[in-house]
Protein chains: 2
Amino acid sequence: MEANPLIAALQASGHRITRQRRVVLEVLEGSQEHLDAEALYQKARQRSPRISLATVYRTVAVLKQMGLVAEYSLGEEHGHFETVTEAPHYHFTCLGCGQVVEFDAPQVVLAIQELAEREGLEVRAVQFSLTGYCVQCRAGGRDDR
Amino acid sequence: MEANPLIAALQASGHRITRQRRVVLEVLEGSQEHLDAEALYQKARQRSPRISLATVYRTVAVLKQMGLVAEYSLGEEHGHFETVTEAPHYHFTCLGCGQVVEFDAPQVVLAIQELAEREGLEVRAVQFSLTGYCVQCRAGGRDDR
DNA sequence: TTGTAAATGAGAATCATTTGCAATAACGCG
DNA sequence: CGCGTTATTGCAAATGATTCTCATTTACAA
């Protein structure tokens with residue numbers, strides 16, 4: 001009955017579908033970038049001007065706990081959000097230009113599985129991210145260590 | 001001239017050796033655990049009662065930037081600090097009991113090197129941590145998902 | 001249509017961390 | 001050793017991100 005699968009999932013899990021949740025989800029889906037709470041808020045605002053930042057946080061929290069959205073602490077600073085896709089991937093953030101490079105790392109996934117098995121751990125969340133300088137910034141001599 | 005290598009390094013890089021820096025370093029070295037700023041502050045206080053939390057943060061910031069100390073965001077919460085050792089290692093934090101399991105993952109190191117080479121990146125920092133449930137907590141039935 | 005519990009908006013509250021500034025102290029130099 | 005310069009400190013106030021409180025609104029099952 002519901003076109004959007006994320007909305008459907010939300011609904012199926014017994015949550016109410018409000019205009020603001022719908023908007024946050026749409027913004028999240030309609031953007032390739034990794035938005036932080038403020039950016040999400042600004043974008044959501046364009047469609048639902050009365051939405052509050054608190055609601056953005058609350059919505060993202062629900063989605064996160066349902067596993068529909070993931071939170072990353074890219075550079076260091078504050079959190080960034082992204083809808084979860086089939087293929088897990090990780091991020092490299094350039095300290096020079098802020099550019100985010102996504103990459104996958106099957107070896108890392110394997111290493112985790114192995115570790116979990118060996119130690120009897122049940123891994124629920126993986127945080128793996130790199131920071132440094134990208135090709136351009138290295139070349140640009142902008143070596144502001 | 002200075003017994004402690006970390007102190008020596010600090011000094012060599014042109015920083016002044018103050019009582020508080022010495023104390024923070026000693027506390028950091030003398031503890032296997034991953035202390036957060038507040039814990040560091042409390043421990044440092046025992047030896048140097050007038051030290052302030054701000055100084056702890058400032059000291060750790062200097063050490064971090066020199067690469068002598070690393071910061072981790074174990075569970076999610078706030079930062080934890082640890083002196084850097086030869087062998088890089090990572091952390092698994094149990095959501096049930098809070099226990100931190102350290103592990104190494106040479107495959108991860110390799111994966112990073114490979115990626116860096118392929119993409120021309122200069123990796124300065126790696127953030128890799130896992131959360132989930134440990135053997136005990138899984139067994140304990142305390143499946144508070 | 002209506003009742004009720006969930007969700008929202010607005011702003012206050014919280015928490016970790018940072019900063020401004022005057023007082024203090026390290027350490028290179030004479 | 002005694003000084004002066006300048007980094008460092010302590011304190012308290014500021015900040016930034018996120019969470020909470022509570023009165024009001026709204027989704028949705030009946």
Side-chain angles (χ1 to χ4, degrees), chain A residues 1-2 4 6-27 34-42 44-66 68-81, chain B residues 1-2 4 6-25 27 34-42 44-66 69-81:
Chain A
M1 284 292 121
E2 179 59 66
N4 187 318
L6 296 213
I7 299 267
L10 241 189
Q11 192 165 42
S13 67
H15 290 92
R16 293 182 180 175
I17 304 307
T18 63
R19 178 163 30 83
Q20 24 277 27
R21 282 182 176 167
R22 195 181 293 272
V23 168
V24 170
L25 258 169
E26 286 170 0
V27 170
H34 314 75
L35 303 160
D36 57 22
E38 186 62 30
L40 253 180
Y41 174 49
Q42 294 307 337
R45 246 177 163 205
Q46 296 171 9
R47 307 228 210 147
S48 188
R50 300 184 49 73
I51 196 173
S52 80
L53 185 53
T55 294
V56 170
Y57 275 108
R58 283 188 282 229
T59 301
V60 165
V62 171
L63 297 171
K64 224 168 63 180
Q65 142 187 345
M66 291 184 59
L68 301 178
V69 157
E71 174 169 11
Y72 304 101
S73 37
L74 296 182
E76 275 298 319
E77 346 103 12
H78 52 254
H80 287 74
F81 307 93
Chain B
M1 286 292 119
E2 177 61 65
N4 187 318
L6 296 214
I7 299 268
L10 241 189
Q11 192 164 42
S13 67
H15 290 91
R16 293 182 181 175
I17 304 307
T18 63
R19 178 162 31 82
Q20 26 276 38
R21 280 179 178 168
R22 195 182 293 273
V23 169
V24 170
L25 259 170
V27 170
H34 313 78
L35 303 159
D36 57 23
E38 186 61 31
L40 253 179
Y41 174 50
Q42 293 307 337
R45 250 180 159 199
Q46 296 172 9
R47 307 227 210 147
S48 188
R50 300 183 49 73
I51 196 173
S52 79
L53 184 53
T55 293
V56 170
Y57 275 108
R58 282 188 281 230
T59 300
V60 164
V62 170
L63 297 171
K64 225 167 63 181
Q65 143 186 343
M66 291 184 58
V69 157
E71 174 169 11
Y72 304 102
S73 38
L74 296 181
E76 276 296 320
E77 346 102 12
H78 52 254
H80 286 74
F81 307 93

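Given the structure is predicted, the values throughout are model-derived calculations rather than measurements.
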Could you tell me how far apart [X] ([atom1]) and [N] ([atom2]) are, to the nearest whole angstrom?
X     : N      : atom1 : atom2 : answer
A/Q65 : C/dA7  : CD    : C1'   : 15 Å
B/L53 : C/dA16 : CG    : C1'   : 9 Å
A/I17 : D/dA29 : CD1   : C1'   : 15 Å
A/H15 : C/dA5  : NE2   : P     : 17 Å
A/I7  : D/dC28 : CD1   : C1'   : 16 Å
B/Y41 : C/dC15 : OH    : P     : 17 Å
A/R58 : D/dA17 : CZ    : C1'   : 15 Å
B/Q20 : C/dT24 : CD    : P     : 13 Å

B/F81 to B/L40 - nearest heavy-atom pair and separation
CD1-CD1, 4.2 Å
All heavy atoms of B/A39 vs all of B/D36, minimum pair found to be N-OD1, 2.8 Å
If only side-chain N and O atoms of [X] are considered, is one of them under 4.0 Å from the OP1 or OP2 phosphate oxygen of [N]?
X     : N      : value
B/T55 : D/dG10 : yes
A/T18 : C/dT8  : yes
B/Y57 : C/dT17 : yes
A/R21 : C/dA7  : yes

Indicate yes or no for a side-chain donor-acceptor contact from B/R22 to the backbone of B/I7 under 3.5 Å, with no hydrogens or angles considered.
no
Map A/R19 and B/D36 onto DNA chain C by nearest heavy atom, then report which one ends up closer to the 5' terminus.
A/R19
The side chain of A/S52 lies closest to which of these nucleotides: D/dT18, C/dT17, C/dA10?
C/dA10
Is any side-chain N or O of B/R16 under 3.5 Å from a base N or O of C/dG28, one able to act as donor and the other as acceptor?
no
Any donor-acceptor N or O pair under 3.5 Å, side chains B/Q42, B/Q46:
no
Residues B/R21 and B/T59: side-chain donor-acceptor under 3.5 angstrom
no
Over all strands shown, is B/A37 touching base, sugar-phosphate only, or nothing at heavy-atom distances under 4.0 angstrom?
sugar-phosphate
